[in-house]
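Down below is the structure, laid out as structure tokens.
Counting begins at 1 with the first residue of the sequence.
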Amino acid sequence: LRTKTELLSPEVIRIMKTGSISRLNNYCRRFFAETQTRITVINGNGLVMADSCRPPKEMSNHRQRPEIRKAFDGAVTKNQR
């Protein structure tokens, strides 16, 4: 999972800099189709910007999730729901 994250991060960052949220969601969906790995991209406030499986507008803010709080503190974390 960590390797996949390291591979996709540069492209996610590049797309986010363009401001194209639809492009970001398309990238996440393509990545999921190729790897069966779900991706959720959040901003610094925890707002879901893109997701490979669900419409971001239907998703709650992720900022208070334990694994997200740890990630913002610099830890490598994961959680399975």
Side-chain angles (χ1 to χ4, degrees):
L1 189 58
R2 185 176 184 167
T3 300
K4 288 178 182 178
T5 302
E6 290 171 356
L7 291 172
L8 67 90
S9 291
E11 184 64 10
V12 167
I13 292 167
R14 188 186 70 73
I15 295 170
M16 286 187 75
K17 286 181 180 178
T18 71
S20 177
I21 299 304
S22 63
R23 207 157 142 208
L24 184 59
N25 274 289
N26 288 336
Y27 178 74
C28 291
R29 286 191 291 272
R30 281 193 319 270
F31 189 84
F32 179 80
E34 294 172 7
T35 66
Q36 298 302 299
T37 303
R38 183 174 182 180
I39 303 168
T40 304
V41 179
I42 64 172
N43 68 11
N45 295 322
L47 180 69
V48 177
M49 305 302 291
D51 187 85
S52 56
C53 297
R54 291 185 53 203
K57 292 182 185 213
E58 295 178 4
M59 299 175 72
S60 63
N61 188 295
H62 285 27
R63 186 65 173 105
Q64 295 307 312
R65 291 184 176 190
E67 69 276 15
I68 301 300
R69 286 195 320 258
K70 289 177 185 175
F72 276 112
D73 289 338
V76 175
T77 67
K78 65 180 180 176
N79 191 1
Q80 184 173 349
R81 285 186 171 68

(Q) For the residue pair N26 / R29, report whether a side-chain donor-acceptor contact shorter than 3.5 Å exists. (A) yes
Q. Is E11 salt-bridged to R14, going by a charged N under 4.0 Å from an acidic O?
A. yes
**Q.** salt_bridge(E6, R2) N-O dist < 4.0 Å
**A.**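 Salt bridge flag = yes for R2 with E6.
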Q | NZ on K4 to OG1 on T37, rounded to 0.5 Å | A |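 Rounded to the nearest 0.5 Å, the OG1-NZ separation comes out at 2.5 Å.
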Q: With rounding to the nearest 0.5 Å, note down the distance linking CZ in R54 to CG in N25.
A: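 Atom-to-atom, R54:CZ and N25:CG are 12.5 Å apart.
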Q.
If we ignore hydrogens and angles and just use 3.5 Å, is the side chain of N45 paired with the main-chain N or O of R63 as donor and acceptor?
A. no
Nearest non-hydrogen partners of [X] and [Y], listed with the distance:
{"X": "T5", "Y": "S9", "answer": "O-OG, 2.6 Å"}
{"X": "R23", "Y": "S20", "answer": "CB-OG, 3.0 Å"}
{"X": "G44", "Y": "F72", "answer": "O-CZ, 3.7 Å"}
{"X": "C28", "Y": "S52", "answer": "O-CB, 3.2 Å"}

Q) Which residues pass the salt bridge (charged side-chain N to carboxylate O under 4.0 Å, His left out) test with R69, sequence neighbours left out? A) none
Q. Can you list the other members of the hydrophobic cluster that holds Y27, where links are side-chain heavy atoms under 4.5 angstrom apart?
A. L8, V12, I15, M16, I21, L24, F31, I39, V41, L47, M49
Q) Do you reckon V48 sits in the same ILVMFWY cluster as F32, going by side-chain contacts under 4.5 Å, direct or chained? A) no
Q | Heavy-atom side-chain contact between S60 and R65 under 4.5 Å | A | yes
